[in-house]
Amino acid sequence: MTKGSLTTARHKRTAGLIALVLVLVAAGSLLYFVPWSGKRVESPASQQFDSTEQTGKVGEGQRPNLVSSVSEKPPFHFEWMTPQSGIDFVYYGAPSREKYMTDQNGGGIGLLDYDNDGQLDLFFVNGSHFQQPATELSQSNRLYRAVENFRYEAVTVPSHLVAHGFGMGCAAGDYDNDGFTDLFVAAYGRDRLWRNNGDGTFAEVTDEAGVGSDRWGTSAAFADLDGDGLLDLYVVNYVDWSPTEPPCHPLGHPEITTSCSPIERSGQADLLYRNTGSGSFDEVGIAAGIARVPDGKGLALAIADLNGDGRLDIYVANDTSPNFLFRNLGRMRFEEVGVLEGVAVSNDGTVGAGMGVACADYDHNGYLDLCVTNFRNQVNDVFANLGPAGFTATNTSLGVDLVSRSPLGFGVVLTDFNLDTWPDMFVANGHIWDLTSLGPGNEYKMHPQLLWNHQGRRFTDVSALSGDYFRQHWLGRAVAFGDLDNDGDTDLVVSHLSAPPAVLRNDCIRAGKSVRLDLIGTRSSRQALGCQVTVVADKVRQVSHVPSGGSFQASHDPRLLFATGNSTSIIEEIQIVWPGGQIEVWDHAVPDRQGTVHLIEGSGIPIDRDDQSRVRTP
């Protein structure tokens, strides 16, 4: 197909999809939201509460186990390390008996090496309460310094990070290029930014940086969106809401009080802050085309180059409104193309309640795919990236529908846990309403899920066989991933409401070895967040990206792990597309004794974007 005919076909598809979205926006949302009100039009209660009759959905305490469909024994196991970790954090203020909307979503996690000692430290965002505002140290945001493998000490006070508020998500990034990672917290009421002083302390610089919005910030991410060598900041915002608004009740059950849905509330425009390089940011959402898109109601985002043009794009998961894909046009200008690219709604036309986002090349076709978690009785979306042809929904054929319809998903990650080169999936689940009094099929706390990727053809739920943590029920929210013990595989940190976070050590049976990549920008931003990386090792080509956003309200390890098969010391080829669009290649890279390859921009071989002859495909 020629480029012109492809464009024509895509525009025809766009027209049809736009019409479909307009018709189904409200209808798709009825699965979840309309029944929750005291003075609103109601839909039949059976749409919400009957999870087994007529639908065949999995009931309370049950989950489909598809392991029997494959012959191999699942290689996955995670050890629950929280009890001996020294982490005593519990998110404050939620759930509350008042059932505020702010009770639903909080609990962000940041993985960052704030003191540059080579170990990932843990940052947890805390909440508050309108009648009993947070004031105690235990109710503050908390920073824990890694002292040895899976042992942490609280350093919130000496690091000058004591702060209270209705915190949601966080973003970690070196916005001033001084070599130390800074922290941003999105919140209901006021967002805040702390600059890392480089001596173990932080200084709040919200006002001088100009990022103290009082909208309802939910998630955020740093990335160099205009290629000028400075990390910009994108903040996802939710809805207009006040604590004076009354809570809601399910149809026919006035005795049950819940928080209300976002369906009838106005969405708040997201914020895009351009880094000026002088310690401050300019908000450019309207000029950039971000704030012109109405009714976002965003909860999560991921930033990556999704169309291979060397510029970082932005994908936003929206709650009860179509998801956004902002294509980067260059020079801090964006075009919203979610419908055009096939990632705005589910494959049945339903507008989902987007909670979390994951981004990875799950099928090894060289393009970064997307996964979005949704509400209970909706399925989690998997959008396979076809490159110039856009995206196509593959969750049904992958087996994801069957295992995702019953839970309510929040944080999600796609990463290769067992080092077989194929990204697996982890999902944190938990309802926002306690409806257990309505009987079976109305879980509140839920099982987390681990899905095994079978070479891009199928995902199977292996949760029940993957460790004690997976056998319990939680109110799961944020998920952050990274190599916490520097042993060459990916560990997890999961936040909960009403319980401490889970620190999970990866003890999976490895299919091979791994290598860690540490990227250092010079012309580009020092932290190359969002940039695409391709590795050829043991004759296998893998594509990934430095995480920018992703999951739900989380910030991840900026170092990348790649499976290397039987290769012991030499990586055949590494290609990096830096945030400014420059491409470099390293041949026969040798890791250091810690298994890390340090890649400094300018030390590789630059190649022309139109001449990819040096990139070898096995």
Side-chain angles (χ1 to χ4, degrees), residues 105 108-112 123 125 167-176 181-187 191-194 209 211 213 215 217-227 230-238 269-275 281 283-285 288 290 296 298-306 311-318 323-328 332 334 354-360 368 370-372 411-414 478-482 519 521 524-532 544-558 560 579:
N105 302 326
I109 304 169
L111 304 188
L112 69 157
F123 179 74
V125 180
M168 298 287 156
C170 64
D174 182 9
Y175 78 88
D176 53 1
T181 303
D182 312 297
L183 276 169
F184 177 87
V185 171
D191 301 333
R192 303 173 81 168
L193 175 66
W194 286 269
V211 295
S213 169
R215 299 179 189 177
T218 53
S219 290
F222 287 104
D224 183 5
L225 294 168
D226 54 1
L230 299 167
L231 290 179
D232 308 298
L233 177 63
Y234 190 101
V235 182
V236 175
N237 290 313
Y238 198 35
D270 295 344
L271 295 165
L272 176 57
Y273 293 103
R274 184 183 65 84
N275 192 333
F281 294 81
E283 206 289 304
V284 296
I290 296 294
L299 286 177
L301 81 163
I303 298 177
D305 180 7
L306 296 174
R311 294 188 289 263
L312 298 179
D313 309 300
I314 305 166
Y315 185 72
V316 179
N318 288 317
N323 302 321
F324 295 152
L325 174 54
F326 291 107
R327 177 190 292 154
N328 192 332
M332 204 60 93
F334 294 84
M355 305 289 186
V357 178
C359 181
L368 296 172
L370 295 167
C371 176
V372 181
V412 56
V413 299
L414 279 169
V479 183
F481 66 94
L519 280 59
S524 301
S525 54
R526 185 180 179 93
Q527 282 187 331
L529 301 179
C531 81
Q532 184 165 302
S544 187
H545 74 298
V546 181
S548 174
S551 185
F552 172 79
Q553 301 187 353
S555 188
H556 313 282
D557 188 350
L560 294 180

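All values below were derived from every heavy atom in this structure, side-chain atoms included, with hydrogens, water molecules and symmetry-related copies excluded.
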From the list Cys359, Pro547, Cys371, Ser551, side-chain contact (heavy atoms from CB on, under 4.5 Å) with Val413 holds only for Ser551
Out of curiosity, Asp224 CG to Arg274 CZ, how far, rounded to the nearest 0.5 Å?
11.5 Å
Can you tell me if Asp232 uses its side chain to pair, donor with acceptor, with the backbone of Asn275 under 3.5 Å?
yes
Heavy-atom closest pair (Gly167 atom, Ala187 atom, distance to 0.1 Å) is CA-CB, 3.9 Å
Side chain proximity check, Asp191 to Val185, heavy atoms < 4.5 angstrom:
no
First locate atom OG of Ser524, then atom CG of Leu519, and finally report the distance between them rounded to the nearest 0.5 Å.
9.5 Å
Of all heavy-atom pairs linking Gly354 and Val372, the shortest is CA-CG1, 4.0 Å
Taking the side chain as everything from C-beta on, heavy atoms only, tell me whether Leu111 gets closer than 4.5 Å to Phe123.
no
First locate atom CG of Leu368, then atom CG of Leu414, and finally report the distance between them rounded to the nearest 0.5 Å.
10.5 Å
Atom CG in Leu306, atom CZ in Arg327: separation rounded to 0.5 Å?
10.5 Å
State the CG-OG distance between Leu301 and Ser219, to the nearest 0.5 angstrom.
6.5 Å
Test your reading of the model: is there a side-chain donor-acceptor pair from Arg215 to the backbone of Ala269, 3.5 Å cut-off?
yes
Sub-3.5 Å donor-acceptor pair from the side chain of Asp313 to the main-chain atoms of Asp305, do we have one?
no
Full working for side chain to side chain contact (heavy atoms under 4.5 Å, CB included) between Cys531 and His545:
CA-CA 5 Å; Cys531 81; His545 74 298; over 6 Å; no
Which word best sums up how the rings of Phe281 and Tyr175 line up, parallel for under 30°, tilted for 30 to 60°, or perpendicular for over 60°?
tilted
Counting N and O atoms only, with roles assigned by atom type, does the side chain of Asp174 sit under 3.5 Å from a partner on the main chain of Gln527, one being a donor and the other an acceptor?
no
Exercise: identify the closest heavy-atom pair between Val284 and Met332:
CG2-CG, 4.0 Å
Can you check whether Leu312's main-chain N or O pairs, donor with acceptor, with Asn328's side chain at less than 3.5 Å?
yes
Is it the case that the side chain of Glu283 and the backbone of Leu272 share a donor-acceptor pair, with hydrogens and angles ignored and the cut-off at 3.5 Å?
yes
For the side chain of His556 and the backbone of Ser548, is there at least one donor-acceptor N/O pair under 3.5 Å apart?
no
May I have the step-by-step check of side chain to side chain contact (heavy atoms under 4.5 Å, CB included) for Ile109 and Val479, ending in yes or no?
CA-CA 7 Å; Ile109 304 169; Val479 183; over 6 Å; no
Does the side chain of Leu529 reach to within under 4.5 Å of the side chain of Pro558, using non-hydrogen atoms?
yes
If every non-hydrogen atom of Val125 is compared with every non-hydrogen atom of Cys170, which pair is closest and at what distance?
CG2-CB, 3.7 Å
Taking the six-membered ring for Trp, is the centroid-to-centroid distance between Phe222 and Tyr234 below 6.0 Å?
no
Side chains of Val235 and Asp270, heavy atoms from C-beta outward: is any pair under 4.5 Å?
no
Please lay out, stage by stage, how Val412 and Phe552 fare under the test side chain to side chain contact (heavy atoms under 4.5 Å, CB included).
CA-CA 7 Å; Val412 56; Phe552 172 79; over 6 Å; no
For a quick test of reading the model, state the closest non-hydrogen atom pair linking Ala221 to Gly549 and the distance between them.
CB-N, 3.5 Å
So how far is it from Leu271 CG to Asn237 CG, rounded to the nearest 0.5 Å?
4.5 Å
Could you pull out the closest heavy-atom pair between Ala480 and Ser555, with the gap in Å?
CB-O, 3.9 Å
Ignoring hydrogens and geometry beyond distance, is a side-chain donor-acceptor pair present between Asn323 and Tyr315 at under 3.5 Å?
yes
Could you walk me through whether Phe324 and Asn318 pass side chain to side chain contact (heavy atoms under 4.5 Å, CB included), step by step?
CA-CA 7 Å; Phe324 295 152; Asn318 288 317; 3.5 Å; yes
Answer yes if the side chains of Thr218 and Gln553 hold a donor-acceptor pair under 3.5 Å, and no otherwise.
no
